[in-house]
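Below is one structure, written out as structure tokens; the observations come after it.
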Number of protein chains: 2
Amino acid sequence: MSKDTASKSRRPKRGQTREALMEAALDLVIKKGPFSSLSLREVTKKAGVVPTAFYRHFPDMSALGLTLLDESFRSLRQMMRQVRQEELPTERMIRGSMEIYFNYVRDNRAHFLFVAKELYGGTPTMRSAIRREIRLFTSELAMDMARFPFLNQINAEDLQMMAALVVNNVTALTQEMLELEEEDLTGQRDVLITAEKQLRLIYFGVGMWRSNKASR
Amino acid sequence: MSKDTASKSRRPKRGQTREALMEAALDLVIKKGPFSSLSLREVTKKAGVVPTAFYRHFPDMSALGLTLLDESFRSLRQMMRQVRQEELPTERMIRGSMEIYFNYVRDNRAHFLFVAKELYGGTPTMRSAIRREIRLFTSELAMDMARFPFLNQINAEDLQMMAALVVNNVTALTQEMLELEEEDLTGQRDVLITAEKQLRLIYFGVGMWRSNKASR
DNA sequence: ATTCCCAGTCAACACCTGTTCACAAAAATA
DNA sequence: TATTTTTGTGAACAGGTGTTGACTGGGAAT
């Protein structure tokens, strides 16, 4: 794991320690529990530095947490953009988006686990930061939906409601995915299939909703 | 008086201490954070007993947690039965069920907060216990749906998928409800309205799903 | 009336926690 | 090369943690 540690006195970790701390925290979240249950000392120990070195990079643990959160969402937003700009016919779009998304979840397991455990169990600061981010995704999805000619007669509030329905479900399925073992490929496939079905069902419902509203 | 012998040292709390411990833990979860972050000592302090008294009632903290979990779900199951046996026409059923449910959430805030924070952040034992319970609700809902003549052509797997869609969403909305202040009545109403709309949309989708499958 | 056990207390333990301080090595800058 | 800034170290602190053991009051059972 650790590379050349021949000289144990001073190693020129030029700014690497910061990343080592973040990585250590993420690792510990995977196998120990929520971030809030980690101690400064065990993080530094895992990172291979002395406790006091922590303060050279973060004022306290909660700062580390927020940095981790930022890192998680930065790349997530990037992937979302990628999903969004994939222009596909509606039928393929659902399946395609879900595939990209869940592949991303698989490849970034640690970050998602970190966020998942903080969503309801974290400090108020963390929770509201995550919720804000999710609300942002929801709004963006609603805006995307508004561009569909299929949906152009639905008011903004209902669009928001529909987007929330989608986001809530994908979130729940993500948690379900994270509970699975990494090797459980069939389980992962099942979640993907369920996701696709559920979204298609919602899609059907939206269609009916439109005609229902229009006929009033 | 060097040492008071009978003033407050010995009180005959016949088995009340156990409940005091559970209540104290629940209170602390509300204002401090997830159960896993509570210490045995602060729970006993809040309960008004000395730390060692804890062991007269529970072998360790995780046992307290499981007891709390059991208590939470015992009454929840009871309420669910009540909701289920309310026989109403479909249109009213959605609204009626959601009203009963969210009123129950409001009246049992502490228990729901406890469960919510443990769902993803708790120990593996707790998480799987909660997930099992949720899966149970989902299956029961699927069975209820199967009795609808409206849905009798849909196979079991798809019914499960639909029930999961409903449960996932209600779960998410519950968390949203719990984030609101207790006095925020308009916010709570909004969540209720959203819930009703979302479930109705799903209901529409299910209708389309049926005809879609039937036409194949 | 005596015994027994339940359920509380107190003292003590070994350990882990966050944070401070002074110090020194390495890296950056001059 | 000389100086300054950055970054990691070690010792020490005050306080919180779970858990042990011996002790004792009071109610229930004998």
Side-chain angles (χ1 to χ4, degrees), chain A residues 1-25 27-29 31-68 122-123 125-126, chain B residues 1-25 27-29 31-68 122-123 125-126:
Chain A
M1 286 300 186
S2 63
K3 33 185 180 180
D4 188 10
T5 44
S7 67
K8 66 173 179 180
S9 56
R10 283 294 180 293
R11 35 196 165 166
K13 292 181 167 188
R14 231 186 27 163
Q16 280 177 304
T17 301
R18 186 185 156 97
E19 312 225 333
L21 287 170
M22 303 206 304
E23 201 173 331
D27 267 26
L28 286 172
V29 166
K31 51 177 84 106
K32 240 215 63 174
F35 179 78
S36 29
S37 76
L38 305 185
S39 73
L40 184 150
R41 287 180 111 106
E42 63 185 333
V43 171
T44 56
K45 181 184 290 183
K46 178 113 189 174
V49 289
V50 96
T52 51
F54 184 92
Y55 297 100
R56 300 295 179 192
H57 303 277
F58 303 98
D60 54 23
M61 280 292 283
S62 81
L64 208 200
L66 289 176
T67 306
L68 242 25
T123 63
T125 312
M126 283 234 177
Chain B
M1 310 290 181
S2 57
K3 286 214 170 185
D4 54 347
T5 49
S7 64
K8 71 165 189 176
S9 59
R10 282 297 179 294
R11 41 195 159 168
K13 290 182 165 190
R14 241 185 17 161
Q16 281 177 302
T17 302
R18 187 185 155 96
E19 311 224 335
L21 287 170
M22 302 206 303
E23 201 173 330
D27 267 26
L28 285 171
V29 165
K31 50 178 84 105
K32 240 215 65 174
F35 179 78
S36 29
S37 77
L38 304 185
S39 74
L40 183 149
R41 287 181 111 103
E42 63 186 330
V43 171
T44 55
K45 181 184 289 181
K46 178 114 190 175
V49 288
V50 95
T52 51
F54 183 92
Y55 296 99
R56 300 296 178 191
H57 302 277
F58 303 98
D60 54 21
M61 279 293 282
S62 81
L64 209 200
L66 290 176
T67 305
L68 243 24
T123 64
T125 311
M126 283 234 176

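By convention in this document, chain letters (A, B, ...) are assigned in the order of the sequence lines, proteins followed by strands, and residues within each chain are numbered from 1. From a predicted model like this one, the values you see are computed outputs, not experimental measurements.
M22(B) contributes atom CE, which lies 12.5 Å from atom CG of D27(B) (distance to the nearest 0.5 angstrom). Within the model, atoms OG1 of T44(A) and CZ of R41(A) stand 7.5 Å from one another, a figure rounded to the nearest 0.5 Å. L68(A) contributes atom CG, which lies 10.5 Å from atom CD of E23(A) (distance to the nearest 0.5 angstrom).
Rounded to whole angstrom, the span from the CZ atom of R18(B) across to the P atom of dC6(C) amounts to 15 Å. The interatomic distance linking F58(A) (CZ) with dT7(D) (C1') rounds to 14 Å, in whole Å. The CZ-P distance, from R56(A) to dT7(D), rounds to 9 Å in whole Å. Q16(A) has its CD atom 14 Å from the C1' atom of dA26(C), to the nearest Å.
For T52(B), the side-chain contact (heavy atoms from CB on, under 4.5 Å) partners two or more places apart in sequence, or in a different chain, are V50(B). In this view, K32(A) and S37(A), L38(A), E42(A) satisfy the side-chain contact (heavy atoms from CB on, under 4.5 Å) rule, not counting sequence neighbours.
Distances shown here put every side-chain N or O of H57(B) at or beyond 4.0 Å from the OP1 or OP2 atom of dC6(C).
Annotation for A25(A) and F35(A): closest pair CB-CE1, 4.3 Å, computed over non-hydrogen atoms.
Applying the side-chain hydrogen bond (donor to acceptor under 3.5 Å, both in side chains) rule to pairs touching residues 54-68 of chain A yields D60(A)-S62(A), sequence neighbours excluded.
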Short heteroatom pairs, N/O only, protein and nucleotides 14-19 of chain D, under 3.5 Å:
unit_1  : atom_1 : unit_2 : atom_2 : d
dT17(D) : OP1    : S39(B) : OG     : 2.6
dG18(D) : OP1    : L40(B) : N      : 2.6
dG18(D) : OP2    : L40(B) : N      : 3.3
dG18(D) : OP2    : R41(B) : N      : 3.0
dG18(D) : N7     : R41(B) : NH1    : 2.4
dG18(D) : O6     : R41(B) : NH1    : 3.0
dT19(D) : OP2    : Y55(B) : OH     : 2.9
dT19(D) : O5'    : Y55(B) : OH     : 3.4

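The shortest side-chain heavy-atom distance between M61(B) and F54(B) falls under the 4.5 Å cut-off.
Stems are defined here as 3 or more consecutive Watson-Crick or G-U wobble pairs with pairing distances under 3.5 Å; those involving DNA chain C are C:2-16 with D:15-29, C:18-30 with D:1-13.
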